[in-house]
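This chain uses plain numbering: 1 for the first residue, then up along the sequence.
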Amino acid sequence: MATVHKETERTYAGALDHPLADERLPQVAGVRTGGTERLDAVYFDTPDLRLLRRGVTLRRRTGGRDAGWHLKTPGQNGSRTERRLPLADGAVGHLPPELLARTALDTRGGSVAPVVHLRTRRDLTLLVDGEGNTLAELARDTVSARVLDGAPPSPGPAVAPDAVDWVETEVELVAGGTDLLDAVEAEFHRRGLDRAAQQSKLGHALAGRLPEGADADGWTRPAASDSIGSPAKSGSVGEALTGYLRVQAAALRTLDPAVRLDEPDSVHRMRVHVRRLRSALAAHRRILDRTVTDPLDHELRWFGKVLGRARDAEVLADRLGGQAEDLPPEGHPAEAAVRIRTWSGARYREAHHAAVRAMDGWRYFDLLDAVERLAERPPLKGRATRGRAEARRMLDRQRRRTARRLDRALGLPPGTERDGRLHRARKAAKRARYASESVTPFAGRPADRLRKRAKGIQQPLGAHQDGVMGERALAEIAAADPPDCRSAFGLGILHARQRADAARQVKQAAKAGRRLAD
């Protein structure tokens with residue numbers, strides 16, 4: 001299991017001739033020597049440096065206090081998130097599976113190999129407070145870098161030699177605040193030490209080999225021409241939608257490794273964000289260029305179905321497995337629970353493997369790229385410049401759509417047709433709920449009210465749909481059992497119980513539906 005911590009540091013070109021004094025630095029009561037370390041690290045990337053282009057570094061370090069595998073990813077305000085794994089989790093030519101999963105979205109299926117070998121002599125200085133606690137570490141690093149065969153070819157020896165040596169100073173916060181970083185930087189600047197052109201050692205070693213369009217650290221940011229539309233007007237419904245889309249796009253990227261590693265509830269959370277994106281595009285279609293958003297919705301729907309197969313198996317295992325444990329003794333609860341969880345587990349593993357295979361393909365990568373471009377600058381139409389009134393009109397359309405579908409379902413007698421209609425009403429309520437989220441708090445109380453009332457419809461209808469799915473699953477499980485299976489009676493009891501609460505669930509949804517008009 002990886003350990004995770006946030007890293008806030010700055011890198012400066014060169015080193016000071018004389019040590020820092022504490023009198024110019026806030027909270028600092030003393031400056032101490034922290035000793036010397038000798039570090040040996042091999043950095044990994046694809047041949048075209050896809051990780052470096054995304055601001056990601058992956059290395060295997062020996063020597064020093066933090067020997068092991070390190071994965072650093074960019075965060076907000078210049079911070080980075082670092083994950084560490086023991087050296088035993090991988091070998092020089094074999095990366096830990098967890099780190100491969102966490103970089104899959106950035107490598108885009110490219111093979112990962114050693115690109116740079118760094119040897120560093122690190123002389124540490126500690127900035128401490130009055131109680132001796134370390135506020136920040138200053139590292140004077142004397143670096144020797146050798147570019148390996150896995151790196152892209154040099155455009156010329158004078159630009160990017162295979163061996164590079166330099167001296168730099170890193171300042172990393174431990175318990176201090178960014179005001180201390182700023183004070184250290186001011187003192188460095190006063191003494192002629194400025195920020196390094198490259199904030200990572202890997203970026204420095206490969207500076208002459210970075211892809212065109214990458215900045216000093218290799219980070220390739222989207223060009224303005226890659227965006228889809230024009231900037232949203234301040235205070236408009238388009239601005240509210242843009243902010244919402246950016247949150248959802250960031251969530252998909254964050255959840256990618258969690259789904260690959262099969263972390264608890266990750267499939268469900270990712271599927272929810274896919275649905276939120278689809279709901280936002282559908283609900284706001286009047287302010288969006290549908291020639292752009294409709295094809296994207298088609299791809300989101302595809303990926304939602306991929307995730308849905310795994311999520312459905314998860315839901316059935318939780319619902320039916322838990323119910324089986326409460327069976328009376330004659331239903332053989334333990335055997336019934338094992339039978340259900342074995343059946344559901346097999347289907348979940350198959351569906352999860354299929355989802356990961358899909359996530360390793362270019363269709364998925366292209367989808368994520370399209371979502372990022374959309375979120376960066378959506379294809380807004382003229383109506384997007386309008387304010388709260390436009391948002392509230394959108395909410396009213398979603399309210400009426402939900403009420404209409406629910407009324408049609410409730411007007412039917414119990415049976416397969418009504419089950420299907422109730423499921424459609426549930427999906428309409430879910431869209432209304434997520435559409436409300438997309439303009440909250442921009443649209444104020446109307447958005448919050450619709451969100452709560454749509455949720456009041458969605459939840460009981462969701463429980464009703466789980467019962468429908470439970471019936472089908474139990475029939476399939478029972479059909480696969482041998483004739484002498486002792487859990488058959490228990491499965492029959494569970495099958496009868498799936499709709500035991502159906503009348504109350506429908507009544508609850510109907511009551512919530514009547515409140516939509518309030």
Indicate yes or no: at least one non-hydrogen side-chain atom of [X] is less than 4.5 angstrom from one of [Y].
{"X": "Tyr244", "Y": "Arg276", "answer": "yes"}
{"X": "Val267", "Y": "His352", "answer": "yes"}
{"X": "Met469", "Y": "Arg319", "answer": "no"}
{"X": "Leu202", "Y": "Leu51", "answer": "no"}
{"X": "Lys507", "Y": "Lys511", "answer": "no"}
{"X": "Leu95", "Y": "Thr103", "answer": "no"}
{"X": "Ser436", "Y": "Leu395", "answer": "yes"}
{"X": "Asp294", "Y": "His298", "answer": "no"}

Can [X] and [Y] be counted as an ion pair, charged N to O under 4.0 angstrom?
{"X": "Lys452", "Y": "Asp448", "result": "yes"}
{"X": "Glu325", "Y": "Arg341", "result": "yes"}
{"X": "Glu263", "Y": "Arg102", "result": "yes"}
{"X": "Arg373", "Y": "Glu376", "result": "no"}
{"X": "Glu314", "Y": "Arg271", "result": "no"}

To the nearest 0.5 Å, tell me how far [X] [atom1] sits from [Y] [atom2].
{"X": "Arg514", "Y": "Ile457", "atom1": "CZ", "atom2": "CD1", "result": "10.5 Å"}
{"X": "Leu367", "Y": "Glu372", "atom1": "CG", "atom2": "CD", "result": "10.5 Å"}
{"X": "Arg386", "Y": "Arg392", "atom1": "CZ", "atom2": "CZ", "result": "15.5 Å"}
{"X": "Ile287", "Y": "Arg383", "atom1": "CD1", "atom2": "CZ", "result": "9.0 Å"}
{"X": "Met359", "Y": "Leu368", "atom1": "CE", "atom2": "CG", "result": "7.5 Å"}
{"X": "Gln508", "Y": "Arg504", "atom1": "CD", "atom2": "CZ", "result": "5.5 Å"}

For His284, give me all partners under side chain to side chain donor-acceptor pair (under 3.5 Å), at least two apart in sequence or on another chain.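 Scan of His284 (side chain to side chain donor-acceptor pair (under 3.5 Å), adjacent residues dropped) gives Ser438.
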
Please give me the minimum heavy-atom distance between [X] and [Y], naming the atom from each residue.
{"X": "Ala283", "Y": "Met394", "answer": "O-CG, 3.1 Å"}
{"X": "Ala370", "Y": "Leu296", "answer": "CB-CD1, 3.9 Å"}
{"X": "Val237", "Y": "Gly387", "answer": "CB-O, 4.1 Å"}
{"X": "Val356", "Y": "Val259", "answer": "CG2-O, 4.4 Å"}
{"X": "Ala432", "Y": "Leu450", "answer": "O-CD2, 4.3 Å"}
{"X": "Phe442", "Y": "Gly235", "answer": "CE1-O, 3.5 Å"}

Main chain of [Y], side chain of [X]: is a donor-acceptor contact present, judged purely on distance under 3.5 Å?
{"X": "Arg388", "Y": "Ala443", "result": "no"}
{"X": "Arg433", "Y": "Ala454", "result": "no"}
{"X": "Thr178", "Y": "Leu181", "result": "no"}
{"X": "Arg408", "Y": "Arg405", "result": "no"}
{"X": "Arg401", "Y": "Arg431", "result": "no"}
{"X": "Ser266", "Y": "Asp262", "result": "no"}
{"X": "Thr385", "Y": "Gly382", "result": "yes"}
{"X": "Ser200", "Y": "Gly203", "result": "yes"}
{"X": "Asp45", "Y": "Arg50", "result": "yes"}
{"X": "Thr402", "Y": "Ala428", "result": "yes"}

Check the pair Arg253, Asp106 against salt bridge (charged side-chain N to carboxylate O under 4.0 Å, His left out), reporting the backbone distance first and the verdict last. CA-CA 10 Å; Arg253 171 170 283 277; Asp106 295 312; 3.0 Å; yes

Which residues satisfy the side-chain contact (heavy atoms from CB on, under 4.5 Å) test with Gln27, sequence neighbours excluded? Leu135, Asp179

Which of these, Lys72, Lys6, His70, sits in a side chain to side chain donor-acceptor pair (under 3.5 Å) with Glu82? His70

Evaluate salt bridge (charged side-chain N to carboxylate O under 4.0 Å, His left out) for Asp182 paired with Arg10, printing each intermediate quantity in order. CA-CA 10 Å; Asp182 294 338; Arg10 297 175 187 173; 2.9 Å; yes

Would Glu476 and Arg472 count as a side chain to side chain contact (heavy atoms under 4.5 Å, CB included) here? Give the steps. CA-CA 6 Å; Glu476 186 173 339; Arg472 296 170 185 167; over 6 Å; no

Looking at Arg286, I'd like to know if its CZ atom is crowded, meaning that more than 12 non-hydrogen atoms belonging to other residues, nucleotides or ligands lie closer than 6.0 Å. no

Check the surroundings of atom CZ in Arg301: do more than 12 heavy atoms from other residues, nucleotides or ligands lie under 6.0 Å from it?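 Atom CZ in Arg301 is not packed in, count stays at 12 or less.
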
Can I get a per-line list of side-chain donor-acceptor pairs under 3.5 Å for residues 413-421, giving both atom names and the distance, sequence neighbours left out?
from, atom 1, to, atom 2, distance (Å)
Asp419, OD2, Arg499, NH2, 2.7

When the ring planes of Trp362 and Phe365 are compared, do they come out parallel, tilted or perpendicular, using 30° and 60° as the limits?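 Ring orientation, 0 to 90° scale: perpendicular.
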
For the pair Arg399 and Asp396, evaluate salt bridge (charged side-chain N to carboxylate O under 4.0 Å, His left out) and give the outcome as yes or no after the intermediate values. CA-CA 5 Å; Arg399 178 190 62 78; Asp396 189 55; 2.6 Å; yes

What do the steps show when you test Arg246 against Thr242 for side chain to side chain contact (heavy atoms under 4.5 Å, CB included), and what is the final call? CA-CA 6 Å; Arg246 288 176 180 173; Thr242 299; 3.5 Å; yes

Just do the salt bridge (charged side-chain N to carboxylate O under 4.0 Å, His left out) check on Arg451 and Glu437 with the steps written out, would you? CA-CA 7 Å; Arg451 179 185 62 81; Glu437 291 177 353; 5.6 Å; no

Please report the C-alpha distance between Leu316 and Trp343 in whole Å, then the side-chain angles of each, then the deciding distance to 0.1 Å, and finally whether the side chain to side chain contact (heavy atoms under 4.5 Å, CB included) criterion is met. CA-CA 10 Å; Leu316 289 170; Trp343 180 88; 4.1 Å; yes

CA sep, side-chain torsions, deciding dist, call: Gln498, Gln323, side-chain hydrogen bond (donor to acceptor under 3.5 Å, both in side chains): CA-CA 10 Å; Gln498 295 310 299; Gln323 291 177 352; 2.8 Å; yes

Just do the side chain to side chain contact (heavy atoms under 4.5 Å, CB included) check on His332 and Leu327 with the steps written out, would you? CA-CA 7 Å; His332 298 283; Leu327 284 169; over 6 Å; no

